[in-house]
K.L.:
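Here's a structure for you.
Owing to the predicted nature of the structure, the values given are computational and were not obtained by experimental measurement. Each ligand, and each atom within it, is numbered from 1 in the order the structure gives.
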Amino acid sequence: MEVKHPEIPILYFVIPCYNEQEALPVTAQKLRSKMQNLIANHQISENSHVVFINDGSKDKTWNQIELLHEENRLFRGIKLSRNYGHQNALLAGLMTVQQECDVVISMDADLQDDIHAVDAMLEKYQQGCEIVYGIRSDRETDTAFKRITAQSYYKLMNAIGVELVYNHADYRLMSQRVLQELSGYEEVNLFLRGLVPMLGFQTGKVYYSRASRLQGESKYPLKKMLHFAFEGITSLSVKPIRMITSLGIAIFLISLFMLVYILVRHFQGYTVTGWTFLAVSVWGIGGLQLLGIGIVGEYIGKIYLETKHRPRYHLELYLK
Ligand code: UDP
Ligand code: MG
């Protein structure tokens, strides 16, 4: 028999904040009334909370979190010792609260993601989903540049064998069960939206349209975004190494053809003395070198994956 989820679950919102002093008051206000509604409708337990994670902000973010906590115990705060970046801050929040709640929803402090999608998420949870992805129904609030780069990125990730949920970022619901499984991933190189689909379990999708940021500015400038994109590739795939191996094999094969071609030219007398030897050497040695690097890389890739100590499987049920 399927394990049933609690009818009135304890819900925690987990919200990483980095220099969000402009956004926080508005965000807190909106979340408070949303929570009060959900509690009044018996959709969530009155022991539910909003947890802000201060990711080493340089502004008044932490003071505001403290004040919110003083004012209303609905709000809780976690203070990280310095700035660790969005993904780490989010993970810190998830892992800290996992024993206290039945279900977690992670979202950004700027509330660009529609909080009213929470109702649909909870509904899916009640239907048995362990993970519910918040998915943007459009990208109208994005610049053309962001739209094109994002789309190409999904295609690239797909091509190298990484399963990503299209147009989903870090707005998602996860059950306590799933958080526990997630805690088995001990990697430092963290790309949550790539890890979560690896967990399996029953999942659902909820669509919403994303607003633009109202207060403060984006904490993801181009440089951080590129870094994050690269992190996604290297933390989930060793395909780039394999490409070097393939390239090495290809070039070495070409060198064999070149050898024949060059010998033919040589005996036809079209060549300058010494050219044959040089041309064949360049192709042959180049190919062999790439192949060699690729093979070494294969082993490094294996070592890399081993060092992550990822769980090898997740049990869903044990009938006994
Ligand atoms: N954030 C964080 N640490 C950082 C950078 C960002 O905790 O080093 C948080 C930020 O406060 C926000 C979320 O990550 O809650 C997403 O950032 P933002 O909304 O600026 O990203 P964008 O929507 O522009 O992609
Ligand atoms: Mg944002």
K.L.:
For Met225, state whether at least one heavy atom is located under 4.0 Å from any atom of ligand 1.
P.N.:
no
K.L.:
How close does the nearest protein non-hydrogen atom get to atom 19 (O) of ligand 1, and which residue and atom is it?
P.N.:
Asp110 OD2, 2.6 Å
K.L.:
Give the residue and atom name of whichever protein heavy atom lies nearest to atom 22 (P) of ligand 1, and the separation in Å to one decimal.
P.N.:
Ser218 OG, 3.8 Å
K.L.:
At less than 4.0 angstrom from any non-hydrogen atom of Cys17, what atoms of ligand 1 do you find?
P.N.:
7 (O), 11 (O)
K.L.:
Judged by modelled atom types alone, do Glu20 and Thr61 share a side-chain donor-acceptor pair under 3.5 Å?
P.N.:
no
K.L.:
Quick one: does any side-chain atom of Arg172 pair with a main-chain N or O of Ala169 as donor and acceptor, under 3.5 Å?
P.N.:
yes
K.L.:
When you check the side-chain N and O atoms of Tyr171 and Asp108, is any donor under 3.5 Å from an acceptor?
P.N.:
no
K.L.:
Determine whether a donor-acceptor pair (N or O, by modelled atom type, separation under 3.5 Å) exists between the side chain of Gln21 and the backbone of Lys60.
P.N.:
yes
K.L.:
Answer yes if the ring centres of Tyr12 and His49 are under 6.0 angstrom apart, and no otherwise.
P.N.:
yes
K.L.:
Answer with side chain, backbone, both or neither: which part of Asn83 has a heavy atom less than 4.0 angstrom from an atom of ligand 1?
P.N.:
side chain
K.L.:
Decide whether the shortest distance between a heavy atom of Arg210 and an atom of ligand 1 is less than 4.0 Å.
P.N.:
yes
K.L.:
Would you compute the distance between atom CE of Met157 and atom OH of Tyr153 and round it to the nearest 0.5 angstrom?
P.N.:
3.5 Å
K.L.:
Report yes or no: does Ser218 have an N/O/S atom closer than 2.8 Å to the Mg ion (ligand 2)?
P.N.:
no
K.L.:
Number the atoms of ligand 1 from 1 as they appear, then name those within less than 4.0 Å of a heavy atom of Tyr220, with their elements.
P.N.:
17 (O), 20 (O), 21 (O), 25 (O)
K.L.:
Check whether the side chains of His5 and Glu130 place a donor and an acceptor atom closer than 3.5 Å, and report yes or no.
P.N.:
yes
K.L.:
Checking the N or O distance criterion of under 3.5 Å, is ligand 1 in contact with Ala109?
P.N.:
yes
K.L.:
Could you tell me, atom by atom, which parts of ligand 1 come under 4.0 Å of a heavy atom of Pro16?
P.N.:
7 (O), 9 (C), 10 (C), 11 (O), 12 (C), 15 (O)
K.L.:
Please work out, at 4.0 Å between heavy atoms, whether the side chain, the backbone, both, or neither of Asp55 comes within that distance of ligand 1.
P.N.:
side chain
K.L.:
Is there an N/O/S atom in Asp110 that lies less than 2.8 Å from the Mg ion (ligand 2)?
P.N.:
yes
K.L.:
Which atoms of ligand 1 sit under 4.0 Å from any heavy atom of Arg213?
P.N.:
18 (P), 19 (O), 20 (O)
K.L.:
Can you find a non-hydrogen atom of Lys224 under 4.0 Å from ligand 1?
P.N.:
yes
K.L.:
Who's closest to atom 14 (O) of ligand 1 heavy-atom-wise, of His86, Lys146, Glu20?
P.N.:
His86
K.L.:
Where do Asp110 and Arg213 land on the salt bridge (charged side-chain N to carboxylate O under 4.0 Å, His left out) test, with the steps shown first?
P.N.:
CA-CA 6 Å; Asp110 52 15; Arg213 189 184 251 274; 3.2 Å; yes
K.L.:
Could you tell me whether the side chain of Lys34 and the main chain of His116 form a donor-acceptor pair under 3.5 Å?
P.N.:
no
K.L.:
Nearest to atom 1 (N) of ligand 1, what protein heavy atom do you find, and at what distance?
P.N.:
Tyr18 CB, 3.7 Å
K.L.:
Starting from atom 6 (C) of ligand 1, find the nearest protein heavy-atom neighbour and note its residue, name and distance.
P.N.:
Lys219 CB, 3.5 Å
K.L.:
Under a 3.5 Å cutoff, is there a donor and acceptor pairing between the side chains of His86 and Tyr220?
P.N.:
yes
K.L.:
Donor-acceptor pair, Gln126 side chain versus Pro6 backbone, under 3.5 Å?
P.N.:
yes
K.L.:
When you compare ligand 1 with Gln112, is there at least one nitrogen or oxygen pair between them that comes in under 3.5 angstrom?
P.N.:
yes
